Amino acid sequence: MAVRLTRPPRFDVGVALAGLAGGLLLWAFGLGVRKADDPLVLLDGRGPLLVPLAVIAGCELLRRTAPRTALVTGTLALAADVVTQGSIATIVMYTDLVYAAVLYGTPATARRLPWITGLLTVAATLVPYAVWRVPEALLIGLVIGAVTFTPASTGLIVRNHRDAAESARLRAEQTALLAEMDRAQAVTAERARMARELHDMVANHLSAIAIHSTAALSLEDERTSREALGVIRENSVQGLSEMRRLIGILRDGSDDREPSATPTLDSLGALVEGARANGLDVTLDARYGTVPAPVELAAYRIVQESLTNALKHAAPGTVTVRLRRHADALDIRVSSPYGDRDTPRAPGSGAGLVGMRERAALLDGTFDAGPESGPDGGLWVVRATLPATDIPRGETE
């Protein structure tokens with residue numbers, strides 16, 4: 001299997017060429033680290049020092065793509081350079097290999113290499129001094145530390161800063177993502193709330209208009225038609241008024257807009273009277289005392305939507321609205337004649353039922369709707385229980 005070679009980065013190529021050019025320039029001027037008569041020089045002459053220089057310059061090409069391989073090979077090249085007259089360029093490039101091994105190497109290499117070079121520096125300082133007992137022996141440890149420990153420590157510091165910056169960038173991206181998710185959820189929740197308000201406020205009036213317009217078209221009695229047209233006009237005006245109020249809410253901040261009244265349970269009487277004017281026989285039995293404002297709004301909307309559904313779907317008969325306040329809950333029950341139907345409505349179906357269920361769920365309440373047997377026949381019953389004390393999540397107009 002062929003080994004795929006990774007092309008070195010352009011910067012690494014530049015570093016290798018600059019180091020090689022600098023070493024050749026020093027070699028041309030005859031500048032070396034040691035004299036020819038130095039005891040360490042085993043390979044005399046100017047030529048041998050070019051081999052370690054060329055090898056370590058080649059290692060610079062691998063400083064980022066294969067830092068450990070480059071460091072091991074560079075160490076061997078530096079050892080060979082020690083037995084020649086030596087080149088400053090070779091030593092400088094080796095320090096860069098140590099730095100790159102810590103910065104670009106594996107986390108294990110980044111942790112261990114500073115410790116290894118630190119111990120090597122301490123040993124190179126203490127052992128020669130213990131053997132020769134002269135102050136100049138301490139310079140060996142100083143040189144070893146400058147060539148190995150200093151670049152390793154610098155690489156570790158730079159790597160830590162780089163990792164911290166990367167972690168900060170990731171946290172910033174996660175924060176931005178969470179903010180975007182929160183914004184999308186807020187927009188979705190607001191759209192659902194406005195859809196419920198639009199349905200609850202307008203559907204009742206439109207249903208009354210549709211029913212009475214059908215009656216006016218089907219009957220030829222002038223008096224009945226005029227009464228139906230009067231009801232149609234009244235519901236149209238009320239529907240337009242509530243639609244204007246909803247549009248005003250949707251418009252961008254206009255502090256000069258007059259505040260609108262939020263429906264409360266005290267308005268149930270007017271709501272029932274309106275249903276009676278639309279031809280619905282309604283009985284109201286409400287004893288609720290004092291409940292929080294969000295519960296009042298949700299209860300009002302549930303009763304309003306139940307009366308709208310009764311106006312559209314109920315069989316002839318009496319619709320009963322019953323509210324009872326217990327110690328910590330408000331019970332709502334709206335029953336309407338169901339009659340005999342070949343295709344009964346599925347419990348929980350319809351946009352209105354979905355909206356009522358959402359209103360109850362927002363207050364951690366319960367909601368149920370479906371057919372039920374009654375003394376005079378089948379009934380369609382809407383039941384809701386809303387907390388009347390502690391409201392965990394309020395729903396406002």
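Worth knowing before you read on, the calculation uses all heavy atoms, side chains too, and leaves out hydrogens, waters and symmetry mates. Predicted model, so just to flag it, every value in this text is computed and none were measured. Along the sequence shown, residues are numbered consecutively beginning with 1.
- Hydrophobic clustering places Val319 together with Leu284 (ILVMFWY residues linked when any side-chain heavy atoms are closer than 4.5 Å, directly or through intermediates).
- Without hydrogens or angle criteria, Arg333 side chain to Leu323 main chain gives no donor-acceptor distance under 3.5 Å.
- Hydrophobic clustering keeps Val15 apart from Tyr99 (ILVMFWY residues linked when any side-chain heavy atoms are closer than 4.5 Å, directly or through intermediates).
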Apply the test salt bridge (charged side-chain N to carboxylate O under 4.0 Å, His left out) to residues Asp331 and Arg383: give CA-CA distance (whole Å), side-chain angles for both, the deciding distance (0.1 Å), then the verdict. CA-CA 7 Å; Asp331 291 336; Arg383 294 173 291 270; over 6 Å; no

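- Across all their heavy atoms, Val303 and Ile332 have their closest contact at CG2-CG2, 4.0 Å.
- Here the side chain of Thr109 pairs no donor or acceptor atom with the backbone of Gly105 at under 3.5 angstrom.
- When atom types are taken as modelled, the side chain of Asn160 and the backbone of Leu156 share a donor-acceptor pair closer than 3.5 angstrom.
- Between Leu62 and Pro8, the closest side-chain pair of non-hydrogen atoms is not below 4.5 Å.
- The residues Arg357 and Asp368 are annotated as not salt-bridged, no charged nitrogen and carboxylate oxygen being separated by less than 4.0 angstrom.
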side-chain contact (heavy atoms from CB on, under 4.5 Å) evaluation trace for Arg111 with Val102: CA-CA 8 Å; Arg111 290 192 304 268; Val102 176; over 6 Å; no

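- The side-chain heavy atoms of Leu61 and Val13, taken from C-beta on, include a pair separated by under 4.5 Å.
- With hydrophobic clusters built from ILVMFWY side chains whose heavy atoms lie under 4.5 angstrom apart, Leu40 does not share a cluster with Leu142.
- Put simply, Phe149 and Val82 are part of two different groups of oily side chains (I, L, V, M, F, W, Y) that touch within less than 4.5 Å, one to the next.
- Taking a 6.0 Å sphere around CZ of Arg46, one finds it holds more than 12 heavy atoms contributed by other residues, nucleotides or ligands.
- Side-chain N or O atoms of Thr95 include one that pairs as donor or acceptor with a backbone N or O of Val92 at under 3.5 Å.
- In this structure, Arg183 contributes its side chain and Leu178 its backbone to no donor-acceptor pair below 3.5 Å.
- The number of heavy atoms from other shown groups lying within 6.0 Å of CZ (Arg169) is above 12.
- Of the possible polar contacts, none joining the Arg133 side chain to the Pro128 backbone as a donor-acceptor pair under 3.5 Å is found.
- Nearest approach of Gly74 to Ile56, heavy atoms of both residues: O-CD1, 4.0 Å.
- Between Ser335 and Val381, the shortest heavy-atom distance links the atoms CB-CG2, 4.0 Å.
- Considering every non-hydrogen atom in both Leu20 and Ala54, the closest pair reads CD1-CA, 4.4 Å.
- Although no hydrogens or angles enter the test, the distance criterion places a donor-acceptor pair under 3.5 Å between the side chain of Glu296 and the main chain of Leu265.
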Determine, step by step, whether Glu60 and Leu97 satisfy the side-chain contact (heavy atoms from CB on, under 4.5 Å) criterion, reporting the C-alpha distance in whole Å, the side-chain angles of both residues, the deciding distance to 0.1 Å, and the verdict. CA-CA 7 Å; Glu60 288 282 26; Leu97 292 179; 3.7 Å; yes

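- Val143 places none of its side-chain heavy atoms less than 4.5 Å from the side chain of Ile140.
- The shortest distance between side-chain heavy atoms of Asp182 and Gln185 falls below 4.5 Å.
- Contact detail for Ala36 and Gln85: the closest heavy-atom pair is CB-NE2, 3.3 Å.
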Go through Met356 and Ser306 one step at a time and tell me if the side-chain contact (heavy atoms from CB on, under 4.5 Å) criterion holds. CA-CA 9 Å; Met356 289 189 284; Ser306 299; 3.7 Å; yes

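- The heavy-atom pair separating Ser87 from Gly23 by the smallest distance is OG-CA, 4.3 Å.
- In this structure the side chain of Thr148 reaches within 4.5 angstrom of the side chain of Thr121, judged on heavy atoms.
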I'd like to know whether Tyr288 forms a side-chain hydrogen bond (donor to acceptor under 3.5 Å, both in side chains) with Asp266, so could you lay out the CA-CA distance, the side-chain angles of the two residues, the decisive distance to 0.1 Å, and finally the verdict. CA-CA 10 Å; Tyr288 48 83; Asp266 293 334; 2.8 Å; yes

Should Leu307 and Val321 be marked as a side-chain contact (heavy atoms from CB on, under 4.5 Å) after you check the CA-CA gap, both sets of side-chain angles, and the distance that decides it? CA-CA 9 Å; Leu307 294 178; Val321 179; 3.9 Å; yes

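- Heavy atoms of other residues, nucleotides or ligands lying less than 6.0 angstrom from CZ of Arg68 number 12 at most.
- Cluster membership for Phe29 and Leu49, using ILVMFWY side-chain heavy atoms within less than 4.5 angstrom, is shared.
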Test salt bridge (charged side-chain N to carboxylate O under 4.0 Å, His left out) applied to Asp96 and Arg63, step by step: CA-CA 8 Å; Asp96 180 68; Arg63 62 189 297 274; 2.8 Å; yes

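- Using modelled atom types, no side-chain atom of Arg359 and backbone atom of Ile302 make a donor-acceptor pair closer than 3.5 Å.
- Distance alone, capped at 3.5 Å, places no donor-acceptor pair between the Trp27 side chain and the Leu50 backbone.
- The side-chain heavy atoms of Tyr94 and Val98, taken from C-beta on, include a pair separated by under 4.5 Å.
- Pro107 has its side chain within reach of Arg159: a pair of non-hydrogen atoms, C-beta onward, lies under 4.5 Å apart.
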Can Glu166 and Arg171 be said to form a salt bridge (charged side-chain N to carboxylate O under 4.0 Å, His left out), step by step? CA-CA 9 Å; Glu166 182 67 16; Arg171 285 196 299 270; over 6 Å; no

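- Both tests hold for Arg64 against Tyr104: distance to the six-membered ring centre under 6.0 Å, angle to the ring axis within 45°.
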I would like to know whether Glu305 and Arg301 meet salt bridge (charged side-chain N to carboxylate O under 4.0 Å, His left out); could you show each step before the answer? CA-CA 6 Å; Glu305 178 59 26; Arg301 293 304 188 199; over 6 Å; no

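- Judged by distance alone, with hydrogens and angles left aside, the side-chain atoms of Thr150 form a donor-acceptor pair with the main-chain N or O of Gly145 at under 3.5 Å.
- Between Thr385 and Leu330 there is no side-chain heavy-atom pair separated by less than 4.5 Å.
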